[in-house]
Amino acid sequence: MRLWQALPLLFAGCLGVLAHVGNPNVVFEGKAGGYPILVVIRQPDVVPGLAEIAIRVESGAPDSITVLPLHWNTDRSGAPRPDVAKRVDGQTNIYSAALWLMVKGAYGVEVTTVGPDGGSVVVPVNSIALAEKQMQKPLGILMAILGSLLVVGAVSIISSAARESTMASGESVTPARRRRGRMGAIGSFALFTLAIYSGRNWWNGLAEEHRNSVVFHSLTNTMTLSTNGGAPKLVFKITDPRRSRGSYALVADHGKLIHLFLVGPGISNSIAPSLAHIHPVRAKDPWTFESTLPALPAGQYKIFTDLTHESGLTQTLTNTIDFSLPVDPGIDGWHPSDGEDSARLPSGDSGPTHLGDGYTMRLSVSSGSPRVPVTLDASVIDASGKPAQLQPYLRMLGHAVVVRSDGNVFSHLHPSGTFSLAAARRFAVKTGGESAARTTDAVCGDLAALSPAETAALGKEGKVSFPFVFPEPGRYWVWVQVRVGDSIRTGAMTVDVQDAVASR
Amino acid sequence: VSNSAGLPAWVSPLIIFAAFCVTCGIIWDISWHISIGRDTFWTPAHMMVYLGGTVGGSLAGWLLLDATFFRRTAQRDSSISIGPLRGPLGAWICVWGASAMLISAPFDDWWHSAYGLDVKIISPPHMILAIGMYGIATGALFLTTAERNRQLTGPTVARVNFQAVLANGIQLALVSVVLAEFTTPNLQHTSAFAIATALILPAILIAAVCNHPVKWAATRVAAIYTVVAGGMTWVLPLFSAEPKLAPIYNHIDHMVPLAFPLLLIVPAIGFDLTLGRMRDRTGLQWNLLRGLVGGTVFVLLFVTAHWYFSEFLISTAADNWFFAGHGRYLSYGDHRGPGQGQFWGTERSLTANGALTAWGVAIISSWLGASAGTYLARLRR
């Protein structure tokens with residue numbers, strides 16, 4: 001993985017809220033045609049902005065690799081000619097490219113391997129503007145100095161022009177002309193002051209317009225908690241005073257409209273907090289969802305809700321909730337609203353995680369460095385030490401959740417990467433119809449696209465891995481969820497990500 | 001050829017060339033953005049702007065050095081002083097303009113990183129760039145005007161008169177680019193069109209009337225504007241282009257130009273007819289009279305002419321290479337549809353209030369132009 005650090009495009013720091021929180025990198029791992037590739041796309045944080053793309057060919061040697069931006073609102077004819085990705089100097093299998101995403105909304109980046117075994121895959125990304133940036137102080141000071149020089153220069157020129165520019169040959173500067181020169185200086189200085197003041201107001205107006213109509217504001221949401229005969233119930237409501245929610249119709253991502261994660265209590269503790277991964281079901285109206293909850297320990301929880309919209313846009317809504325129910329902690333008596341809801345209580349496990357019924361999960365990460373592609377590996381063994389058979393869970397071999405201990409980074413990922421499968425499918429339908437969509441399902445690891453025998457073969461080693469990029473240093477909680485022995489089981493680990501090489 | 005206090009004969013053509021490059025370069029660049037979309041530092045349009053800025057800035061810088069160090073005595077009567085430095089006023093303005101263009105670059109770069117690659121012409125960094133480019137064009141006008149004023153009685157009078165008028169026309173063409181966001185034919189029934197044009201255009205044309213000691217001065221300046229702006233409108237589509245950014249809503253295979261030039265020739269003829277004979281009258285009262293007459297003529301002739309001309313431009317009758325109308329040339333990002341044949345912003349249509357405001361603005365603009373023009377007529381350095 002060292003070589004990736006040489007890539008110029010993976011250097012920059014953390015950004016604000018994205019779909020997935022605090023992580024601009026979208027990772028895809030899978031096949032484009034016959035070539036297995038790893039794609040990392042750094043989403044822009046302004047609109048229009050530049051999406052930076054890195055592609056690593058894991059095996060084989062395609063003749064070339066092209067990338068193409070597909071906007072959600074146009075078909076393929078709305079895309080320009082594809083760009084040929086450049087091979088990174090000194091590398092044989094790493095390519096880079098950059099694409100402008102011109103308008104806000106969802107884009108699909110179609111990555112095509114060109115060669116005897118070539119093919120395409122579409123990686124969905126968001127084109128949204130994040131919070132307004134402030135000018136860095138050194139640049140601000142430089143601009144202020146240069147701007148002042150311009151003003152001083154202009155005032156000097158006007159003053160001198162007022163004094164001397166109409167003098168005939170041989171005429172010399174009279175006191176009256178000197179006076180005019182001074183008047184010119186004063187008048188022009190006043191004028192420039194006024195101009196700068198108006199310019200400042202204009203800029204402030206533009207910045208406000210940018211904040212209001214360009215910067216992306218995720219849908220607002222409310223959470224209410226009630227106990228009905230002892231079982232806690234969560235009501236999740238998407239509210240949005242800003243825009244018509246009609247343009248934000250939801251589509252199911254790997255089978256669920258809503259993936260809601262509760263992380264807590266006290267997520268800055270040294271041990272992994274509890275995690276509940278639930279799928280609230282639609283209540284009376286299209287924007288209200290309900291779910292029973294396990295009796296989690298009392299305290300404050302961070303809530304992350306992943307949504308995929310019809311356009312392919314994805315967003316993660318955040319919230320916090322206080323959990324203080326007069327119920328004994330426990331998840332045994334929980335009757336989930338959705339059969340694939342799961343939860344895990346805090347645990348001091350270090351090293352292998354005991355998953356119950358004799359199963360054990362071992363978790364590792366290939367590198368503890370930020371801003372480089374890493375692999376989160378999980379392997380499950382049964383009581384006898386043999387690999388456990390992984391069964392499909394939400395149409396995958398496994399799901400992983402990564403949260404930084406300050407709660408400012410959140411990702412929900414799959415063996416094929418960090419993107420929404422529903423969004424990928426949507427772009428596949430656009431480019432190649434339903435058959436392309438089925439190929440995409442298979443490439444993205446949707447087990448529903450495979451036969452039961454193929455699925456069983458994939459899970460028989462008891463191993464699953466997830467490609468990821470830690471956006472910046474910090475302590476991260478990583479949970480991996482699998483279905484073994486007909487139950488959903490969750491393992492956890494702590495990863496300390498540091499700029500210098502270190503991990504545990 | 002130069003007279004006792006004059007500049008070398010090649011200075012004026014070269015500075016006019018610089019202004020021309022900046023003007024055509026920026027029009028080409030806008031066309032590039034609406035046709036191809038993706039650009040780099042090195043696009044030919046950018047190179048043309050840099051060429052103009054570099055030629056203008058360095059020529060003017062050389063003039064300052066020359067007047068300060070090398071030929072201080074010879075240049076005495078054609079230069080003004082700032083501290084120990086001397087040089088023609090036009091050269092000072094050009095150097096200032098080139099500096100502003102340079103300074104706008106890091107600001108613009110930051111602007112893109114903070115607010116996104118701008119799709120608008122009018123943003124703070126672009127305005128600084130525009131003022132810098134305007135400095136080059138205005139410097140060219142001042143240099144050629146001062147040269148003309150020093151050679152009024154010489155054998156070269158026809159040439160220097162032409163050069164000053166030419167520089168003035170190019171300056172007008174450059175200024176009209178800044179107005180492009182308001183002057184799309186489909187917007188020409190709005191109050192904003194009347195007010196924005198009234199703010200700037202009368203000033204330049206009235207200044208031309210007062211400045212140039214030739215008949216039909218404003219008409220000549222407007223004619224040069226029409227040739228430059230129209231030339232770009234007619235020539236650019238001859239070049240092939242392919243959009244390189246998504247989403248593409250409108251497939252094009254050639255460069256998309258800006259709209260047909262404004263009918264500035266109409267108010268220019270009006271200005272020359274009404275104000276052309278007053279050229280020798282100086283003083284505040286005369287300039288105020290020029291403001292009143294000029295502002296009135298502008299609103300009566302220009303706004304009215306465009307009220308009807310825009311109806312033609314958005315109609316299918318104008319859908320040809322010459323008039324470039326009816327959405328014949330749309331950006332790759334525009335949706336083709338009935339909108340091309342309709343007026344936009346009808347809720348902001350020109351009202352009596354809007355027309356009165358435009359009139360007031362045009363009067364002030366004309367008055368300022370008259371003051372500037374009578375000053376330019378006396379410019380010696």
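Naming: A, B, ... by sequence-line order, numbering from 1 per chain. Side-chain atoms are counted along with the backbone in the values below, which use heavy atoms only and exclude waters and symmetry mates.
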Trainee: Most heavy-atom pairs under 4.5 angstrom with chain B, which of A/Ser160, A/Ser159, A/Ala161, A/Gly153?
Mentor: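 Greatest number of close heavy-atom pairs with chain B: A/Ser160.
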Trainee: Do you know which two heavy atoms are closest between A/Arg163 and B/Ser81, and how far apart they sit?
Mentor: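 Closest heavy-atom pair between A/Arg163 and B/Ser81: NH2-O, 3.1 Å.
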Trainee: At a 4.5 Å cut-off on heavy atoms, which part of B/Tyr332 comes close to chain A: side chain, backbone, both, or neither?
Mentor: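 Side chain only.
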Trainee: Using a 6.0 Å cut-off, check whether atom CZ of B/Arg38 has over 12 heavy atoms from anything other than its own residue.
Mentor: yes
Trainee: Would you mind telling me which of A/Pro69, A/Ala154, A/Ser165 has the largest number of heavy-atom pairs within less than 4.5 Å of chain B?
Mentor: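 Of A/Pro69, A/Ala154, A/Ser165, A/Ser165 has the most heavy-atom pairs under 4.5 Å with chain B.
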Trainee: Is there a side-chain contact between A/Trp202 and B/Ile122 in this structure, where contact means two heavy atoms from C-beta onward sitting under 4.5 Å apart?
Mentor: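 A side-chain contact under 4.5 Å exists here.
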Trainee: Report the distance from atom CD1 of A/Ile157 to atom CD1 of B/Ile80, rounding to the nearest 0.5 Å.
Mentor: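 Taking CD1 in A/Ile157 and CD1 in B/Ile80, the distance rounds to 7.5 Å.
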Trainee: Please verify the inter-ring angle class for A/Phe192 with B/Trp96; under 30° counts as parallel, over 60° as perpendicular, anything in between as tilted.
Mentor: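 Plane angle between 30° and 60°, so tilted.
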Trainee: Around A/Asp89, counting heavy atoms of other residues, nucleotides and ligands shown, do more than 12 lie under 6.0 Å from its CG?
Mentor: no
Trainee: Going by an N to O cut-off under 4.0 Å, is there a salt bridge joining B/Arg381 and A/Glu164?
Mentor: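 No, B/Arg381 and A/Glu164 are not salt-bridged.
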Trainee: Could you look at B/Phe107 and say if it's the side chain, the backbone, both or neither that has a heavy atom under 4.5 Å from chain A?
Mentor: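 Contact with chain A involves both backbone and side-chain atoms of B/Phe107.
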Trainee: Closest heavy-atom contact between A/Tyr107 and B/Pro247?
Mentor: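 Looking at all heavy atoms of both residues, the shortest contact is OH-CD, 3.2 Å.
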Trainee: Measure distances from A/Thr74 to the heavy atoms of chain B and classify the residue's part below 4.5 Å as side chain, backbone, both or neither.
Mentor: side chain
Trainee: Around B/Trp367, counting heavy atoms of other residues, nucleotides and ligands shown, do more than 12 lie under 6.0 Å from its CH2?
Mentor: no
Trainee: Once salt bridge (charged side-chain N to carboxylate O under 4.0 Å, His left out) is applied, what residue pairs with a partner in residues 174-201 of chain A remain, sequence neighbours excluded?
Mentor: A/Glu171-A/Arg177
Trainee: Would you call the rings of B/Tyr115 and A/His210 parallel, tilted or perpendicular, taking 30° and 60° as the class edges?
Mentor: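 Because their plane-to-plane angle is over 60°, the rings of B/Tyr115 and A/His210 count as perpendicular.
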Trainee: Under the salt bridge (charged side-chain N to carboxylate O under 4.0 Å, His left out) rule, collect the residues that match up with B/Arg281, sequence neighbours excluded.
Mentor: none
Trainee: Contact between A/Arg81 and B/Lys244 at the side-chain level, heavy atoms closer than 4.5 Å - yes or no?
Mentor: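 A side-chain contact under 4.5 Å is absent here.
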Trainee: What part of B/Ile36 gets within 4.5 angstrom of chain A, counting heavy atoms only: side chain, backbone, both, or neither?
Mentor: neither
Trainee: Rounded to the nearest 0.5 Å, how far apart are CD1 of B/Ile103 and CG of A/Leu149?
Mentor: 6.5 Å
Trainee: Looking at A/Val173, A/Asp83, A/Leu50, which one has more heavy-atom pairs under 4.5 Å with chain B than the rest?
Mentor: A/Asp83
Trainee: Counting only non-hydrogen atoms closer than 4.5 Å, does A/Val47 touch chain B with its backbone (N, CA, C, O), its side chain (CB onward), both, or neither?
Mentor: backbone
Trainee: Using a cut-off of under 4.5 Å for heavy-atom pairs, which of B/Asn250, B/Ile248, B/Leu379 has the most such pairs with chain A?
Mentor: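 When all of B/Asn250, B/Ile248, B/Leu379 are compared, B/Ile248 has the most.
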Trainee: Locate the shortest heavy-atom distance separating A/Ser169 from B/Asp77; write the atom from each residue and the value.
Mentor: OG-OD2, 2.6 Å
Trainee: With rounding to the nearest 0.5 Å, note down the distance linking OG1 in A/Thr166 to CG in B/Leu376.
Mentor: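 Rounded to the nearest 0.5 Å, the OG1-CG separation comes to 11.0 Å.
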Trainee: Among the options A/Pro80, A/Ala129, A/Gly170, A/Gly49, pick out the one with the most heavy-atom pairs lying under 4.5 Å from chain B.
Mentor: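 Highest number of heavy-atom pairs under 4.5 Å: A/Pro80.
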Trainee: Side chain, backbone, both or neither: which part of B/Pro124 has a heavy atom under 4.5 Å from chain A?
Mentor: both
Trainee: A/Leu150 and B/Ser99: which non-hydrogen atoms are nearest, and at how many Å?
Mentor: CD2-CB, 4.2 Å
Trainee: For B/Arg86, give me all partners under side chain to side chain donor-acceptor pair (under 3.5 Å), at least two apart in sequence or on another chain.
Mentor: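 B/Arg86 satisfies side chain to side chain donor-acceptor pair (under 3.5 Å) with B/Ser79 only.
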Trainee: Please list, in residue-number order, every residue in residues 139-148 of chain A that has a heavy atom less than 4.5 Å from any heavy atom of chain B; write 'none' if there are none.
Mentor: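 Near chain B, by residue number: A/Leu139, A/Met143, A/Leu146.
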Trainee: Rounded to the nearest 0.5 Å, what separates atom CD1 in A/Ile158 from atom CH2 in B/Trp92?
Mentor: 13.5 Å
